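The structure appears below as structure tokens.
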2 protein chains.
Amino acid sequence: MEKIYDFAIIGAGPAGMTAGIYAARYKLDCVIIGPDVGGTANLAHDIENWPGFKGPGWDLMEKFREHCTSFNIPMLTESVQKIDNDGIFTITTEKGVHKAHSILLAMGTKRRKLGVKGEEELFGKGVSYCATCDCVFFKEKVVGVVGGSDAAAMAAQILSQHASKVIIIYRKDHMRAEPARVEELENDPKIEFMYNTNVKEIIGNDKLEKVVLDNGSNLSLDGLFIEIGGIPITSLAKSLNIKLADNNRIIVNDSMATDVAGVFAAGDITTGSNQFNQIVTAAAEGAIAALEAFQLARTRKTK
Amino acid sequence: MEKIYDFAIIGAGPAGMTAGIYAARYKLDCVIIGPDVGGTANLAHDIENWPGFKGPGWDLMEKFREHCTSFNIPMLTESVQKIDNDGIFTITTEKGVHKAHSILLAMGTKRRKLGVKGEEELFGKGVSYCATCDCVFFKEKVVGVVGGSDAAAMAAQILSQHASKVIIIYRKDHMRAEPARVEELENDPKIEFMYNTNVKEIIGNDKLEKVVLDNGSNLSLDGLFIEIGGIPITSLAKSLNIKLADNNRIIVNDSMATDVAGVFAAGDITTGSNQFNQIVTAAAEGAIAALEAFQLARTRKTK
């Protein structure tokens, strides 16, 4: 007989791994499927707000992964291509097919793009969406960071370790990052701020040369890091006809259930936790979803 | 001029300390007030579901405390006796008076009692509400544990390290603890189960001798550990005229605000997180509340 998991978790970030830890404690037969263990949390330069831990994101995510592994939760490094729902969920990845009675959508977000001319052409040629990944290529160079969030502030801090100058370009008149971090930025002699400014175009010939700003001026840069937040990865949710909010997040109720039976969601992808996207809120949502999946499995098994 | 904190956190458990960590990152002038750093989380024998950590509750809570201390958050070991609200909150403890523009109620729960004859009289004379605290007094003795939750299961496991026999007395026909833990209990030769059974009376002359069960029989015991959950500590909330749910929890909205302006709540005391009381959900609620307190403070300061 074909194997059917009690609970398949799609996404291996903080929400997915915490759901896995809880599901394992509930003795659910579960699996975590995701191409990238840790997800966007890996990219955090330093984590100061996961209580009891300080360090880089990848290090915390490695601890989460070890926790899952210690409970013998299978973690499949596979990308889900489609999910079919005929009461049982059939999950197709590039490597095979998995079946489950209930699923958790915890795929998180992907990086938002500026959508300006030159952005696509110069990606990897000076334009980047990941300071953690690419900072080392900008030693003693001048780089720009677009954005005003914590992620943007952190990117500027990382880049300041390498670059000669970091210019933060933000459309509003003050950073919306944590004030503690903004203060650190302001005390960093390598960091400058350009407020009330947008990038209109990115120019370069096979390599980034400059950006055109909406104040009419040009700014010469060796690198441009775009840190303007995430877009929920909801194509799988759409194909399952799950109801989404206007901002494309998956609408969940208090128990992290979606409007489709057997489908839960947790983490940055949902409308939960007042849409405050943190590792701790994602983890909590994963825990709540796992409890509900357990209740559902118990109901099914005693039927 | 008298000092007025931006944000006073009442309660120093996982919710309160996480709120403190977030508030510090937001540069709020905040204080944590609570008689018991760690709260009920300290009593957890072993924590298996705070991602990235395995160990006793007090150890995790010590890491939370260190995290708070590293951000120079004042932590006052004081018991709040009353809170007056005249736009500014005046918090009276046994040691003094503190003032704040907004507050977080994160006092958690206190242990629920059986409410049977003999319980009060024999408390500390064989009757206990804390296996972690009192297990060592029952070396090679026979003890009972009342309850079927994770806390009850954990208490039985702790006691089994010391006692010669542990009898779990539970009103339902199966434990509602995590199945992984129930399996461990079932494999422990020292542990027995009495299902569909209630304790009707506790008998002893200055020292616990036996309990009367509702099946008519008596059971001789040296110790009785009552682990039947918690009651929200909401007397302060009542005095502030905050709306409570039927089960006495503080009703919060998505941003952890109560129905009284400037008053937030987080942790086991609230209706949040689908009322799933875990360290990770309490921490998430504390984080969300701190963000809202920060927004409120920013609005106040820019007025």
Side-chain angles (χ1 to χ4, degrees), chain A residues 14-15 17-22 24-28 48-54 59-68 70-71 150 176-183 252-257 271-276 278-292 294 298, chain B residues 14-15 17-22 24-28 48-54 59-68 70-71 150 176-183 253-257 271-276 278-292 294 297-298:
Chain A
M17 287 197 282
T18 305
I21 289 166
Y22 271 78
R25 299 299 298 166
Y26 296 136
K27 292 263 166 190
L28 288 178
E48 299 264 9
N49 50 20
W50 175 259
F53 174 91
K54 287 185 186 179
D59 187 14
L60 181 59
M61 289 304 97
E62 177 58 19
K63 287 187 199 312
F64 275 49
R65 193 193 60 74
E66 281 168 13
H67 202 143
C68 289
S70 77
F71 290 158
D150 277 318
R176 64 182 175 85
E178 294 175 345
R181 207 177 285 279
V182 176
E183 198 173 279
V252 287
N253 66 12
D254 284 349
S255 58
M256 295 297 137
T271 54
S273 299
N274 208 26
Q275 307 207 10
F276 186 30
Q278 297 286 299
I279 294 175
V280 74
T281 52
E285 292 186 19
I288 295 167
L291 175 60
E292 291 301 310
F294 168 54
R298 196 155 59 182
Chain B
M17 288 196 282
T18 305
I21 289 165
Y22 272 78
R25 298 299 298 167
Y26 296 136
K27 292 263 165 189
L28 288 178
E48 298 266 9
N49 50 21
W50 175 259
F53 174 91
K54 286 184 187 181
D59 187 15
L60 181 60
M61 290 303 98
E62 177 57 20
K63 288 188 200 309
F64 276 49
R65 193 193 60 73
E66 281 167 14
H67 202 142
C68 289
S70 77
F71 291 157
D150 277 318
R176 64 182 176 87
E178 294 174 344
R181 208 177 282 281
V182 176
E183 197 173 279
N253 67 13
D254 284 350
S255 59
M256 295 298 136
T271 55
S273 299
N274 208 25
Q275 306 208 9
F276 185 31
Q278 297 287 299
I279 295 176
V280 73
T281 52
E285 292 186 18
I288 294 167
L291 175 61
E292 290 302 310
F294 167 56
R298 195 155 59 181

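Computed from a predicted model, the values in this text were never measured in an experiment. Proteins get letters first, then strands, A, B, ... in listed order; numbering begins at 1 in each.
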Original post:
When the ring planes of B/W50 and A/W50 are compared, do they come out parallel, tilted or perpendicular, using 30° and 60° as the limits?
Top reply: parallel
Is it the backbone or the side chain of [X] that comes under 4.5 Å from a heavy atom of chain B, or both, or neither?
X      : value
A/I21  : side chain
A/E285 : neither
A/F53  : backbone
A/E183 : side chain
A/Y26  : both

Original post:
Is the backbone of A/E48 close enough, under 3.5 Å, to the side chain of B/H67 for a donor and an acceptor to pair up by distance?
Top reply: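 Yes: the side chain of B/H67 pairs with the backbone of A/E48.
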Original post:
If you tally heavy-atom pairs under 4.5 Å against chain A, which of B/Q275, B/M17, B/K54 wins?
Top reply: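 Heavy-atom pairs under 4.5 Å are most numerous for B/K54.
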Subject >> Pairs of heavy atoms under 4.5 Å with chain A: top-ranked of B/K63, B/R181, B/E178 >> reply: B/E178
Subject >> Atom pair CE/OG of B/M256 and A/S273 - distance to nearest 0.5 Å >> reply: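 Rounded to the nearest 0.5 Å, the CE-OG separation comes to 7.5 Å.
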Original post:
Just wondering, do A/N274 and B/E292 contact through their side chains at under 4.5 Å, heavy atoms?
Top reply: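 Yes, side chains in contact.
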Original post:
Relative to chain A, which segment of B/L291 carries a heavy atom at a distance below 4.5 Å: side chain, backbone, both, or neither?
Top reply: side chain
